[in-house]
Amino acid sequence: DSGVTQTPKHLITATGQRVTLRCSPRSGDLSVYWYQQSLDQGLQFLIQYYNGEERAKGNILERFSAQQFPDLHSELNLSSLELGDSALYFCASSLGLAGGEQYFGPGTRLTVT
Amino acid sequence: AQSVTQLDSQVPVFEEAPVELRCNYSSSVSVYLFWYVQYPNQGLQLLLKYLSGSTLVKGINGFEAEFNKSQTSFHLRKPSVHISDTAEYFCAVTKNTGFQKLVFGTGTRLLVSP
């Protein structure tokens, strides 16, 4: 158990819909990262938040957004969903902005039908 | 930018045999290197990491890896595998200063058979 929690574990929704994925980092970690894992793209970095502020963006679509709340949990919002958005979405956390390993949550499997 | 190449998409091996999973990276700056393992239907678990110091790093479950700067490699080894080691293994790299997103390889599926 990494100490990072994600909900829900599974999510099935239809095209055009909007969903919210939730992540709670390990106790004491200030950085939260979101990654997408799909068969064709592999593991891709989406976005990072540090202590409530967005710090870096990766291959994140404009239809996707995220935020980190004062209690440090984070939410990833996916809107206007397409079939190609079906993937595993991982949250990871680390202590600081830089400096070492990231600890991953169990992931949310999103299926868009 | 950093990149990672895992040349072997799948490595079949018999139980109790040794195994090496290959990882090569590319970067114009100094890096940190990691190996993660993903068991079926689970998240990623950190196996081991190289941040600095000794180039031979030991991780969990009997795995070890050696950082070779001249060959830009970070191969993962285990002297004797178990059935339970069957999983997907990902090598990852990040630059060692500033913002650090993990850049992952495509993964190597280790298949251990009796």
Side-chain angles (χ1 to χ4, degrees), chain A residues 1-7 9-10 21 23-26 29-51 53-60 66 87-109 111, chain B residues 1-10 23 25 27 29-53 57-61 63 65 67 74 87-109:
Chain A
D1 185 355
S2 67
V4 179
T5 60
Q6 288 186 249
T7 56
K9 191 169 183 179
H10 301 280
L21 313 184
C23 168
S24 292
R26 291 189 319 159
D29 283 357
L30 298 177
S31 272
V32 170
Y33 310 77
W34 286 97
Y35 292 85
Q36 179 194 58
Q37 184 180 34
S38 62
L39 283 175
D40 53 344
Q41 298 288 329
L43 270 160
Q44 300 270 324
F45 166 74
L46 295 178
I47 196 164
Q48 182 208 13
Y49 277 81
Y50 175 78
N51 204 19
E53 293 187 11
E54 180 186 305
R55 297 309 299 256
K57 271 186 172 180
N59 301 323
I60 188 167
L88 256 176
Y89 291 85
F90 287 110
C91 167
S93 72
S94 67
L95 178 60
L97 186 60
E101 63 267 37
Q102 297 173 20
Y103 293 88
F104 282 74
T108 293
R109 182 172 293 280
T111 302
Chain B
Q2 289 72 46
S3 67
V4 175
T5 301
Q6 291 181 251
L7 286 172
D8 305 307
S9 60
Q10 189 165 291
C23 171
Y25 70 93
S27 177
V29 299
S30 295
V31 296
Y32 294 149
L33 292 153
F34 307 87
W35 276 98
Y36 284 85
V37 60
Q38 186 177 27
Y39 298 103
N41 300 313
Q42 293 189 28
L44 292 139
Q45 181 181 8
L46 181 65
L47 265 182
L48 48 77
K49 63 195 179 199
Y50 171 78
L51 304 181
S52 64
V57 293
K58 294 188 183 297
I60 62 172
N61 302 339
F63 284 93
F67 170 58
F74 190 54
E88 189 90 17
Y89 291 80
F90 292 93
C91 181
V93 65
T94 184
K95 58 181 182 178
N96 69 357
T97 57
F99 165 66
Q100 297 173 334
K101 69 172 184 178
L102 282 171
V103 175
F104 286 90
T106 51
T108 297
R109 182 169 298 277

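Just so it is clear: chains get the letters A, B, ... in the order the sequence lines come, proteins before strands, and each one is counted from 1. All figures in this text were calculated on a predicted structure; none of them were measured in a lab. Side chains are part of it too, since the values below use all heavy atoms of this structure and drop only hydrogens, waters and symmetry mates.
- Shortest non-hydrogen contact noted between Q37(A) and F90(B) is NE2-CZ, 3.5 Å.
- Here the side chain of Y35(A) pairs a donor or acceptor atom with the backbone of L102(B) at under 3.5 angstrom.
- In this structure, the side-chain hydrogen bond (donor to acceptor under 3.5 Å, both in side chains) partners of Q2(B), at least two apart in sequence or on a different chain, are S27(B).
- Atoms OH and CD, on Y36(B) and Q102(A) in that order, are 5.5 Å from each other to the nearest 0.5 Å.
- Sparse packing is recorded around CD of E53(A), with 12 or fewer heavy atoms of other residues, nucleotides or ligands lying under 6.0 Å away.
- The contact between L46(B) and chain A is made entirely by side chain atoms (from C-beta outward), counting heavy-atom distances below 4.5 Å.
- Counting heavy atoms from C-beta on, the side chains of Q38(B) and L43(A) never come closer than 4.5 Å.
- Taking a 6.0 Å sphere around CG of L39(A), one finds it holds 12 or fewer heavy atoms contributed by other residues, nucleotides or ligands.
- The ring pair (Phe, Tyr, Trp, His ring centres under 6.0 Å) check on F63(B) picks up Y89(B), with sequence neighbours excluded.
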